[in-house]
Trainee: 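Starting off with a structure, shown below.
Computed from a predicted structure; not experimentally measured.
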Protein chains: 2
Amino acid sequence: MPNDVGHEIADALAALLRRDTRTRLYRRLTEGLGEAVDEITYPVLSGLARTGPRSAADLAGEIGLDRSGVTRRATRLEDAGLLRREPDPHDRRATLLALTEAGQRTVDATRRRLAAHIEASLASWPPAEARAFAHQLQRFVTDGPFT
Amino acid sequence: MPNDVGHEIADALAALLRRDTRTRLYRRLTEGLGEAVDEITYPVLSGLARTGPRSAADLAGEIGLDRSGVTRRATRLEDAGLLRREPDPHDRRATLLALTEAGQRTVDATRRRLAAHIEASLASWPPAEARAFAHQLQRFVTDGPFT
DNA sequence: AGATTAGCGTGCGCGGCGCACGCAGCCTGT
DNA sequence: ACAGGCTGCGTGCGCCGCGCACGCTAATCT
């Protein structure tokens with residue numbers, strides 16, 4: 001493999017990980033979905049949508065955050081009606097975080113928007129190439145230098 | 001184009017943009033390079049390496065940050081000997097930020113590490129496929145839903 | 001039953017960030 | 001030439017996200 005491949009991907013990754021890139025993307029995806037959902041709070045919604053109701057500590061471990069942060073974000077989302085705290089039936093001290101219907105709709109809308117943006121930017125690609133790229137990207141992210 | 005491609009890439013991107021993914025990657029890349037260089041200060045070094053000496057305001061525009069932030073980071077890097085402030089010969093009120101030799105070496109080492117990690121994770125790929133992926137990724141990042 | 005542990009929310013301090021001010025140097029009009 | 005506006009820089013200020021640690025409640029262990 002030519003070693004310029006590494007640098008080429010490195011440059012692309014650097015551009016991708018840039019702060020304002022992330023901020024702009026989040027802003028675009030969450031625009032008009034209410035004040036409570038933004039770059040800070042969305043990972044809580046998204047993580048909850050992935051696995052269903054779960055505890056704050058559990059969710060914190062997944063998104064690489066302290067429990068206190070998850071608690072505070074959850075409170076904000078709860079105030080906005082996107083999230084609901086329900087007592088764990090098996091453990092009376094525990095409280096499970098669960099999406100409300102509005103929260104689920106918000107997550108769906110956001111993910112749909114992102115997918116639409118991606119597909120729009122891939123519109124001019126040959127379908128087979130786009131499909132191959134998607135698989136390679138996924139493989140690269142899971143196997144890549146990020147674990 | 002099948003619409004699951006959009007969602008597949010969306011999932012990969014979400015994993016890539018996760019906070020701890022970024023933090024871990026930065027930590028690995030800057031390990032042992034001194035206390036001053038980290039996720040916060042590195043973009044200044046990197047941006048400077050890209051275009052040569054330039055003003056703080058100019059650099060701030062590129063990395064999507066306020067000038068004050070660049071100034072503060074630059075001061076930290078200056079204290080660590082990685083960066084040098086030199087007066088602009090054409091404008092006596094302006095100061096140009098420039099990498100020292102140590103700063104340049106730090107950037108080179110970091111980029112080399114990232115490229116090495118990437119290539120290692122692509123070691124099992126057919127070379128042609130890796131090359132194609134690199135080009136597609138670059139194209140996707142520049143044309144993609146990030147502008 | 002008493003002691004230890006687990007889960008949660010919150011107060012506290014740290015640090016990054018944007019905003020706005022003050023100062024120094026440039027530039028344009030008269 | 002000089003006076004006013006403009007530009008570039010650094011810094012103080014306030015906001016906010018974040019990790020740490022405490023107190024409280026409830027489960028679990030001996």
Trainee: I'd like to know if A/Arg84 pairs up with A/Glu78 as an ion pair, taking the criterion as any Lys NZ or Arg NE/NH1/NH2 lying under 4.0 Å from an Asp or Glu carboxylate oxygen.
Mentor: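 Salt bridge between A/Arg84 and A/Glu78, a charged N being under 4.0 Å from a carboxylate O: no.
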Trainee: Could you say whether A/Arg19 or A/Ala56 is positioned toward the 5' end of DNA chain C, judged by the nucleotide with the nearest heavy atom to each?
Mentor: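 Counting from the 5' end, the first nearest nucleotide belongs to A/Ala56.
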Trainee: Would A/Glu8 and B/Arg131 pass as an ion pair if we require N to O under 4.0 Å?
Mentor: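 B/Arg131 and A/Glu8: not salt-bridged.
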Trainee: Between B/Arg93 and A/Thr95, which has a closest nucleotide on DNA chain C that is more 5'?
Mentor: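 First, find each residue's nearest nucleotide; the 5'-ward one identifies A/Thr95.
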Trainee: Grab the CG-C1' distance between B/Leu96 and D/dT7 for me, whole Å please.
Mentor: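 Value for this atom pair: 15 Å.
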Trainee: What contact category does B/Asp91 fall into here, base, sugar-phosphate, or nothing, at under 4.0 angstrom with non-hydrogen atoms?
Mentor: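 The residue B/Asp91 makes sugar-phosphate contact but no base contact.
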Trainee: Rounded to whole angstrom units, what separation is found between the CD atom of B/Glu35 and the P atom of C/dG15?
Mentor: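 Answer to the nearest Å: 11 Å.
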Trainee: Under the criterion side chain to side chain contact (heavy atoms under 4.5 Å, CB included), I'd like the reasoning laid out for A/Asp38 against A/Thr41: C-alpha separation, chi angles, the key distance, then a yes or no.
Mentor: CA-CA 5 Å; A/Asp38 60 1; A/Thr41 54; 3.0 Å; yes
Trainee: Below 30° counts as parallel, above 60° as perpendicular, anything between as tilted: where do the rings of B/Phe133 and B/Trp125 land?
Mentor: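 Taking B/Trp125 first and then B/Phe133, their aromatic rings sit tilted (interplane angle of 30° to 60°).
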Trainee: Let's see if you get this right: which residues in residues 60-85 of chain B place a heavy atom under 4.0 Å from DNA chain C?
Mentor: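 Here the set is B/Leu65, B/Asp66, B/Ser68, B/Arg72, B/Arg73, B/Arg76.
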Trainee: Side-chain donor-acceptor pair under 3.5 Å between A/Thr110 and A/Arg113, yes or no?
Mentor: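 Their side chains do not contain a donor-acceptor pair, so the 3.5 Å distance test is not met.
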Trainee: What nucleotide among D/dC9, C/dC26, C/dG7 has an atom nearest to a side-chain atom of A/Ala94?
Mentor: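 So the nucleotide nearest the side chain must be C/dG7.
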Trainee: Taking atom C1' of D/dT25 as reference, at what distance in whole Å does atom CG of A/Asp88 sit?
Mentor: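 Whole-Å distance recorded here is 15 Å.
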Trainee: Whether the side chain of B/Thr100 engages the backbone of B/Gly81 through a donor-acceptor N/O pair (distance < 3.5 Å, no angle test) should be reported.
Mentor: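 Present.
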